Every structure is written in structure tokens, then in C-alpha cells.
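All remarks here apply to the structure that follows.
We use all heavy atoms of the structure for the numbers below, so side chains are in, but hydrogens, waters and symmetry mates are not. Bear in mind that the values here come from a model prediction, so they are computed numbers and not experimental data. Note on naming: letters A, B, ... go to the chains in the order of the sequence lines (proteins, then strands), and numbering restarts at 1 for each one.
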Amino acid sequence: MKEPKRYLVTSALPYANGPLHIGHLAGAYLSADIFVRFLRLNGKDVVYVCGSDEHGAAITIRAKKDGTTPQAIVDKYDELIRTTFEKIGISFDIYHRTSAPIHHETSQEFFRTLNQKGEFIEQTKEQYFDVEANQFLADRYIIGTCPKCSHTEAYGDQCENCGSTLSPTELVDPRSTLSGGKPVLKSTTHWYLPLDKYEAWLREWVETGKLEGELLHYPEDWKNHVLGQCKSWLDGGLQPRAMTRDLDWGVDVPQEIEGSEGKKLYVWMDAPIGYISATKQWALDNGKDWEPYWKDKETALVHFIGKDNIVFHCLIFPAILKAHGDYIIPVNVPANQFLNLEGRKLSTSKNWAVWVHEYVAEFPGKEDELRYNMIKNMPEQRDSEFTWKGYQESNNNELVNNLANFINRVVVLTNKYYEGVVPTIDQDVQIVDSSNQIEMSYQESELVDLHDKLQDLGQHIRTYEFRAALKVLMEISSTGNQLLQFNEPWKMIKIDEAPVKVVMNTALQVVTALSVACRPFLPFTSDKIRDLLNLPHLKDEGEYMDILNKLSEGEVLIPDGHKIGTPNHLFTKIPDDVIEAQIAKLEAADKANKGVEYAPVKETISFDDFTKLDIRTGTILAAEKVKKTKKLLKITVDLGFEERTVVSGIAEFFKPADIVGQQVVLLANLAPRKLKGIESQGMILMAESPDGELGFVSPSEGIGNGFIVK
RNA sequence: UGCGCGGUAUUGUAAUUGGCAACAUGCUGGUCUCAUAAGCCAGCGCUACGAGUUCGAGUCUCGUCUGCGCAACCA
């Protein structure tokens, strides 16, 4: 495969329903930003697009809850997300939004074309409709009683209690989570994309990189988990997928199509096409032509996403593009895994997150410090973790002690010895090189080494190994520290000036190289280093390529006689109290969040209904984990007059050994039921907190076993 | 439950085809004084468990335990 003529890079569209947290950054934005900044520094033709995803039911529901309009919600978060990205230095060529007219037109055009080409299948199905909320309900918005285990809080697609897969119509006594009311079945027609029809070419394309005989990518360039998940889907057999929904907030199905009334495009017929409409808007704004970026085979299309989006970007969106015709499909989808925070999953609803807009407000001027730690811990191959302690350490030990300190040493010494002027050197003077060797060590050999490292760094970025690339950057800085250390210019200056000039000149070349090489990762720092060197800021127009060329031609990067600036600390240490405050804030937010939402009170029952229940006191005699299950414990309860075996889904919260002797309250006349082959004879009553934590309900001290509870 | 990706030093992470287990941090000792109590040098310490294939296994196979994800509109 040839070097592409141009690149079109996308990051997943953030949903305009909340602010950005560090998990978003780690997933789809920082990596893409590094990639495109590097391409620009190599003089490549690249367009980087993104935008707010502003449609869908969640936004409508949110608006209803907040007593406002969907448009207001979307405007608020689009603005917040947009400025947050800008502050943290994500360098989109355009950040668009899916509410823009040009996007509605583009996605409708896609739908129209697919419809005309006969790609869709129309199907009519019965779906639950919430009369009160006046909308059809997605499976997740319906809860009811599980037909298999009688769990009363089963979702429309699955029962979390027994794990069985359900369809909403199987639920006994279904109710809407929107209004709480009983939904009615109503028939509705949708357009389905027959993904099963595309399965063969999708499989060949993903697994071999070949499409219609043409090699489009090497599968070994794709990440393991990306290939794995695609194969998993393909092996499971692709199913036709509805491309329309009954919603009132989204892109209309084109009006001239029969039956389009009240129908909106499904998110996957909407959001990814946002990449295309964003490109169109960018072209309009800049007097360019958008089409080569999406239609020319010499364009490399790269989607940066989180792992939850893999199948949509690797299978469904390519299928849509190909079904439409004329469009290219992605050459790679370097999905990242997930970032955890202090040992727990990031969660917007539980407020367990570091919000990026808060970070930039609380740590002004420290954007690169966050970027650095996040790139260092980017979940490239597996889930990884952000901790405030780790952030502090990487800042203090690596950015301050290694990088900033090296640059500061060079600037200070240059000012001290040469009044800030880059010294002219004698090429024939030997120095000690950075591996502590003196044989054949002239400035030239040291600069060859620098050239190799820069090349190595670039190679890692091209193969989406951003952590490895960052490591090389820090090695360059370490090498600089060693160069100073081994040559000890502060001693040598008293003996012989010639080698000091060589060392300082070389160190200044390294600093200049760093100002360019750090650009993709630490854009703000790049500008600061350029200021220290009294060189113009980078314009991101091929400067990386330039310095590589210069080095291979044996030219210097910063000329003799150039007057540099005065010393200034690039990074400062972050003290313990700042970190402790952040951790405390996180915990406080988490605590404040607990117990906020109460489930609504259920339907009134008669006293007779209540008396049907036989509830008894008891004590746990023994407990053991049920093999091959996550949640189940087999528990033996003493009821005084007999012992009962009960299988209970509490293993996530209690260890078997800890609950022996626990007094409990047991529903004793519940119909026995087999769970994992063990007969459960009753139900231990538990209190469940709004976020799903369980606690025992137990009689007060001194109450014996087998007593009736009423 | 199926399927996918994992489990590596105190901690966080690396390891093209099976071939000396690497980097950062930490800790111990040494050294330097240009620099932000920074730098540099030396040392300490590791492949979840059990089996198999192999001259050789972190890597391949099987089993066990275990984390996460997808299926199920959170990057």
C-alpha cells in the first residue's frame, strides 16, 4: 500500500447530554489529536473532524425532567464541550454539530440514496408505546416482571436477576420508566439495513484487509481487541438493524418517502454521518472541496473511538458507506479501551469522574500536565487507570525533574557562559557522548542519535503507539541530561572552553528538537520552549519533517550566534495538598450523590394480600458461593422449627464467611425455585440502595428464630 | 449466560516470528553542584494458579480462579 495522499481523521462525536470527563479524552480525543498534530508537523494533508451528537431519546427525556427544551440542553452542552476541547488543546479542524441544517441534509441524502437503491427492508412490528409520554419505548425504558424468575424489576431486554434475555412483550405487567404508566402495544414500520447481506464482504475486509480484490489495510495493523470484537460479531451472524426510530428529536426521515411521518433516523444513520457533514462545513468555511476526503481512494480514513463503539465503526458504518456507494471505508479504527478512575469505573451518573472543564478551571496553565499523564496511561491495549497520585508523580518526577529541568539547565548555562548566544564550535573537538563513550564522539554522532530517536518516535505515532512515542520523547530529554552529566561543562569551563562549546551547542540542538517533538503531546509546552529559545512558535506545517531533513543533512537546528531567551520554569511541582484536595472532592461528590433517587412507591395492595405473605425471623447457619456465578450464594437459614436452603444474589456484597450468624428476615412461603440446580426455599429480605448496594434487614437483638413478622 | 480483551516487581505499564523479562516509580548505597532537594552511577525486586507441547513458554494448548467490555444508545 502506498503512502496516502491525504488523511481524514475523526473522533467519536460526544453526546451533548453532559460535560466531558477524562475517560472521554483518553478514549477518542487525545490519541487522535496526537496523530493529526504529527501528520501536520510532517506536512501532510489532514482534516480532523468532530462535533456534538445532539439527537436521541436521552436528550428529550433530560429536557422533560429539567423542564426545558431539547434545543436548550444541546446548546448548553455543545458550548461547554466545544470550549473544553479548545482549552485542553484538541486541535479539530472543525467541531461541528448534528443539529446543523447541513447535517440534516447530508444524513437525509444518505437515507434517500439507500432507499432508492433498494438497500432497506421495511418491517412492521408491534412495539410498546407510552401514551402519556406520547412516544415509543426503547427496550431499556420498559420494566416489568420477569416471566422466568418473577423478578419485578426486569428490563425489556433482559432480567438482571436471572440473566435471561427477554423481549419487551414477554414481560408480565410492563410499565414505562418514563411515566410509570402501562404502555400499550402499537404497530410501527421501520426501515432495516440488512447487515446479514453484507456479512461476507465485511468479514473478508476485516480479516484480510481485502475488498473486491483490493488490499485496503493489513489486519495485523489493527488492534487485537478490535479484530476480536468484529470477529465475535461476524461469527454470531449479523442481523438486520433498524435505521429509523419513532422519536420526536432527531433528523426526519425524508418527507417524500411514504410512511415517513413521525420517523427519525436512528443514531447510526445520523451520528457517524456527522463526520461527513462536518467535513462539508469545513470545506465551505475554508474554500476547499470536501469530496476527495471521503471519496478518493488515496485518502486514509481513520476513526478514533472508545471500545464501546467498535462494531459500529468497523461494521455498521462501513456497511452504510459501501451501500451508498462512492465512499471510502476506514483504513484503521484504533479503538482504545477504557480508563478507570482511582480503581473504579468512571460514571457520569454516579459523579465518579474528573470533569475536564473543572480541571482546566482549577489548574489553569496545566493542560499539558494532564495530557502527559493521560497519554502515559492511555488504555491502548487494555483498560488502564487514572489516579491523582499518579498524576502528581508523573508531573513531579518526569515533567519537572527530567524534561523541564534539562531544558532549564541548558538555558541557564547558555546564559551564564555565552550571554545567551548559541556558541560557534570546532567540529573536530571530541566530547563524551550520552552513552558515556568518548571514542569517536563528536557533535555529529550525537546528532545522528537524535535523528534516530526522532524517527523512532514518529514510527510509533504512525502505528498508533502513543505511549511508546511519549517514552521516546522522554528518552531524548534523559539523553540530554546524561550529555551534560558526563561532560560536566561546569567543571570543564575552568579547564578547556572548546568542548564546553560543543556540549552546549549540542544540548541546544536537543532542546530545539524537543520543542518540535513534544508538539503532538504537549502543544502548550512546545510554545513555551520556543519562547525560551527565542524561536517562533510552530505553525504545524511540516516542522518535524524539516528537522529530520536537517539532521540527516548534517545541518544544525538552531544556528550559531542566535540569541536565546532567559530561563523560566516550564513545569512546577504539584504539592501533596493539591492532590489531597482533589481526592477529597471526588469522594465528597461520590457521597453527596448517594441516595438521591428513590424508586416510586408501588401499586396499593389490600391487607389480605399482605397476610398471604409468611415472613419469619431466622439466622444464617452456613453460606457458600455457588460455582460459576458472580452473584449467587447458597445460604442455610435456621428458622427454629426447621432449616431452609436459600439461594440469594448477594455475593457481590458479602463474603460467605462474614454473614454466618447474621440475623435475617425470610419470606418463607415463596414458591420454591431452582437456581443453578439448587432449590431455593424462600427469600432473604434485603434493603437495596438506589445505586444497588445491599444490606440485611434483621430483627433487633434478642428476637428468636422462626417468629412471625407482621 | 454466550462471545471478546486481559491478569507481569510496591505501584503504573512494556515485550515483531516461542529465545537474556524492559521502562517509569519505589527502596538501598554512591557521586556531582550547572539546574526546580533536581541530575548521574550502581544495587534490590516480577510473569494469577495447575497441567501439557517444546532444547527453550509471559508468549502456544487445556483446565481453574479472576478483572473489564460487548451483546444491552455511557470514550
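With rounding to whole Å, Glu488(A) atom CD is found 13 Å from C40(B) atom P. Lys307(A) places its NZ atom 14 Å from the P atom of A75(B), with the value rounded to the nearest Å.
In terms of position on RNA chain B, the residue among Gln337(A) and Ser384(A) whose nearest nucleotide sits closer to the 5' end is Gln337(A). Each of Asn481(A) and Ala12(A) was matched to the nucleotide of RNA chain B holding its nearest heavy atom; the match closer to the 5' end belongs to Asn481(A).
Among the protein residues, Leu346(A) comes within range of the nucleic acid bases, having at least one heavy atom under 4.0 Å from a base atom. Counting non-hydrogen atoms under 4.0 angstrom, Phe571(A) reaches a base of the nucleic acid. In this structure, Val267(A) reaches the bases: a heavy-atom distance under 4.0 Å links it to at least one base atom across the strands shown. Among the heavy atoms of the strands lying under 4.0 Å from Gly23(A) is at least one base atom, whether or not backbone atoms are also near. Within the 4.0 angstrom heavy-atom criterion, base atoms lie near Ala404(A). Counting non-hydrogen atoms under 4.0 angstrom, Lys389(A) reaches nothing in the nucleic acid. In this structure, Asn309(A) reaches the sugar-phosphate backbone alone: every heavy-atom distance under 4.0 Å involves primed, P, OP1 or OP2 atoms, never a base.
Checking A42(B) for Watson-Crick or G-U wobble geometry (two distances, each under 3.5 Å) identifies U28(B) as its partner. As the counterpart of A71(B), U1(B) is assigned, both hydrogen-bonding distances of the Watson-Crick or G-U wobble pattern falling under 3.5 Å. Under the Watson-Crick or G-U wobble criterion, with both distances below 3.5 Å, C23(B) is paired with G12(B). Pairing of G58(B), defined by two Watson-Crick or G-U wobble distances under 3.5 Å, is not identified with any nucleotide.
When the side-chain nitrogen and oxygen atoms of Arg467(A) are compared with OP1 and OP2 of A14(B), one or more of them lie within a distance under 4.0 Å.
Only one option out of Phe304(A), Tyr48(A), Tyr275(A) pairs with Phe92(A) in a ring-ring contact (aromatic ring centres under 6.0 Å, His included); it is Tyr48(A).
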